[in-house]
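Throughout, a chain's letter reflects where its sequence line sits, starting with A, and its residues are numbered from 1. Side chains included, hydrogens not; waters and symmetry mates left out as well; all remaining heavy atoms used.
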Number of protein chains: 2
Amino acid sequence: MNAQSATRKTFRREGEDKRREDLIAATLECVAERGLAGATVREIAMRADVTAGLIRYYFPTKDDLISAAYRAVMNRMTVQASDALQNAANDPRARLQAFVTANLGEPIMDPHNLSLWAGFIALVHADPVMAAAHRDGYLGFRDELEILIREALIATGKPAERVHTRRHAIAINAIIDGLWLEGCLARDIFAEGELAETGIIAIEAVLGISLTAEGDAR
Amino acid sequence: MNAQSATRKTFRREGEDKRREDLIAATLECVAERGLAGATVREIAMRADVTAGLIRYYFPTKDDLISAAYRAVMNRMTVQASDALQNAANDPRARLQAFVTANLGEPIMDPHNLSLWAGFIALVHADPVMAAAHRDGYLGFRDELEILIREALIATGKPAERVHTRRHAIAINAIIDGLWLEGCLARDIFAEGELAETGIIAIEAVLGISLTAEGDAR
DNA sequence: CGAGTATTTATACGCTTGCATAATTAGAGC
DNA sequence: GCTCTAATTATGCAAGCGTATAAATACTCG
């Protein structure tokens with residue numbers, strides 16, 4: 001009723017989960033567009049259509065928000081890769097192929113994912129807690145891969161001893177990571193699906209089996 | 001002779017090259033230890049035993065210094081890998097092996113290098129100039145690799161058409177990058193030389209040739 | 001429908017940052 | 001040795017940062 005200047009922002013009280021998700025999403029937007037440095041509390045708040053103070057209500061410190069955002073991305077990528085497995089055929093070789101193809105295509109192979117990942121990696125070196133979290137994620141991924149490899153080898157009638165599957169998992173993990181990296185950094189210099197195909201061929205060579213053919217041997 | 005309080009810092013006039021090198025080295029120290037965020041002009045100046053203002057005398061803006069530092073790192077790694085080639089035997093297969101081993105061992109496979117690389121990668125996405133610099137570096141590395149691959153194939157009496165060597169280069173580059181990454185992130189969970197050996201074996205499988213044996217064929 | 005509370009806004013503080021600029025000084029050249 | 005200049009220091013500023021905290025308000029429950 002008085003000069004109604006500086007009208008206070010109207011707002012809705014959202015559920016705690018919704019707000020956290022929105023804030024994390026806004027954070028990812030910022031990081032994706034302008035790097036970690038561009039993810040300031042004020043910018044994040046603006047994107048989430050919220051005032052800066054609210055961030056501290058849900059996340060004690062900005063680092064907590066950042067690390068939550070990182071976990072969200074890693075989790076999202078893991079889930080997306082697993083989803084591809086669920087929709088895959090029963091044949092172990094087809095499953096391994098689906099896993100590789102999923103990791104080397106949209107939406108996992110995306111520059112934004114790399115940006116956030118890289119920004120976080122730079123922190124891993126300093127923060128032991130994050131280092132542990134990262135290692136767990138890496139080993140989890142590799143273990144999942146090793147299982148796929150063993151089953152594919154067995155399905156082809158090949159020996160699948162632990163000593164070898166471990167080494168294969170390390171190498172194939174490297175192939176996937178390396179191609180993912182290349183794709184994220186310069187997707188435009190590769191043809192559509194080229195990297196996934198390259199990965200499959202390389203992995204077939206490493207394992208000495210075919211992932212596409214129906215037969216047990218070549 | 002007056003109260004000599006606040007005595008001005010004594011200094012030496014260094015050559016332009018020396019100063020630039022020192023500043024870049026100090027920058028790399030900062031980035032390696034505390035990430036890109038830790039590389040402030042004041043901190044860099046302190047490490048270089050210089051006052052902050054001097055940085056602007058040699059680099060118009062902080063970003064220029066950062067990007068110069070990035071180029072220095074990439075260049076250093078490239079040179080180190082090339083050095084390994086110079087000392088290698090004449091046989092193309094041995095040369096390829098030496099190249100791989102060098103990239104997957106000290107001093108290239110070092111957590112600090114990864115920190116630096118990751119910190120800069122986060123910027124590449126935003127800054128087109130850096131993106132170009134990075135792409136040049138990547139393509140240069142891959143071209144060098146492709147030549148090694150072609151020569152190794154020819155030495156083994158295998159066909160080495162461009163279509164195939166390009167694909168091989170992409171895959172093998174991925175193997176090297178991926179293993180480098182794994183090693184930098186968690187060197188302690190791998191045995192000494194394990195990653196280099198794993199890389200060699202995987203690459204031999206991809207190319208279908210042996211890099212260690214003397215014979216032309218298996 | 002009214003009171004109470006959890007959620008949200010608003011404001012301000014102290015710090016650090018990159019950058020500008022004036023004052024100094026080391027060292028080269030005559 | 002003097003002079004001149006380029007290299008270096010010292011100081012300051014405006015902007016943006018994360019965070020703290022008090023005031024306001026939307027929703028819940030009786």
Side-chain angles (χ1 to χ4, degrees), chain A residues 1-24 26-27 30-31 33-69 119 123 126-127, chain B residues 1-24 26-27 30-31 33-69 119 122-123 126-127 130:
Chain A
M1 195 152 309
N2 61 19
Q4 64 104 216
S5 69
T7 54
R8 204 179 173 90
K9 181 183 189 234
T10 77
F11 60 90
R12 288 184 49 215
R13 303 171 93 140
E14 296 284 0
E16 172 169 344
D17 292 348
K18 174 74 159 52
R19 270 282 134 86
R20 292 184 104 92
E21 280 173 25
D22 285 352
L23 288 173
I24 287 176
T27 303
C30 291
V31 174
E33 286 186 21
R34 308 205 290 113
L36 251 189
T40 69
V41 286
R42 285 169 175 83
E43 180 72 22
I44 293 168
M46 217 185 74
R47 303 240 183 184
D49 195 30
V50 141
T51 53
L54 191 62
I55 289 181
R56 280 248 313 151
Y57 186 76
Y58 287 103
F59 298 92
T61 180
K62 185 198 167 190
D63 285 345
D64 289 297
L65 170 57
I66 296 289
S67 105
L123 299 182
D127 186 350
Chain B
M1 190 52 78
N2 65 18
Q4 64 102 229
S5 68
T7 54
R8 204 180 173 90
K9 183 186 189 231
T10 76
F11 61 91
R12 289 186 47 215
R13 303 170 93 134
E14 295 285 359
E16 173 169 345
D17 292 348
K18 174 73 160 52
R19 269 284 133 84
R20 292 184 105 93
E21 281 173 24
D22 285 353
L23 288 174
I24 287 176
T27 303
C30 291
V31 176
E33 285 185 21
R34 308 205 289 114
L36 249 190
T40 69
V41 285
R42 286 169 174 82
E43 179 73 21
I44 293 168
M46 217 184 76
R47 302 238 185 186
D49 195 30
V50 144
T51 55
L54 191 63
I55 290 181
R56 279 251 310 153
Y57 185 77
Y58 287 104
F59 298 92
T61 179
K62 185 197 167 189
D63 284 345
D64 290 297
L65 170 55
I66 297 288
S67 110
L123 294 185
D127 183 351
M130 275 218 181

Between atom CG in A/Asp17 and atom C1' in C/dT7, what is the gap in whole Å? 15 Å
Closest to the B/Lys9 side chain, choosing from C/dT9, C/dT25, D/dA10: D/dA10
What contact category does A/Tyr58 fall into here, base, sugar-phosphate, or nothing, at under 4.0 angstrom with non-hydrogen atoms? sugar-phosphate
Where the side chain of A/Glu14 is concerned, which of C/dT8, C/dC13, C/dT9 is the nearest nucleotide? C/dT8
Looking across every strand, which nucleic acid part, if any, lies under 4.0 Å from B/Thr61 by heavy atom: base, sugar-phosphate, or nothing? sugar-phosphate
What is the distance from CZ of A/Arg42 to P of C/dC13, rounded to the nearest Å? 14 Å
Toward the 5' end of DNA chain C, by each residue's nearest nucleotide, A/Asp49 or B/Gly53: A/Asp49
Measure from NZ or CZ of A/Arg19 to the centre of the six-membered ring of A/Tyr57, then state whether that distance is under 6.0 Å and the direction lies within 45° of the axis. no
Taking atom P of C/dT9 as reference, at what distance in whole Å does atom CD1 of A/Ile55 sit? 11 Å
Does D/dA10 have OP1 or OP2 sitting under 4.0 Å from an N or O in the side chain of B/Thr51? no
C/dA23, C/dT8, C/dC19: which one has an atom nearest the side-chain heavy atoms of A/Leu54? C/dT8
B/Val41 side-chain proximity, nearest of C/dA10, C/dG18, D/dC27: C/dG18
With the side chain defined as heavy atoms from C-beta on, B/Arg19 is closest, among D/dC13, D/dT8, C/dT9, to D/dT8
Worked check of salt bridge (Lys or Arg N to Asp or Glu O under 4.0 Å) between B/Glu33 and B/Arg47: CA-CA 12 Å; B/Glu33 285 185 21; B/Arg47 302 238 185 186; 3.0 Å; yes
Of the nucleotides D/dC13, D/dA23, D/dT19, which one has an atom closest to the side chain of A/Arg56? D/dT19
For A/Tyr57 and C/dT7, is the shortest distance between a side-chain N/O and OP1 or OP2 below 4.0 Å? yes
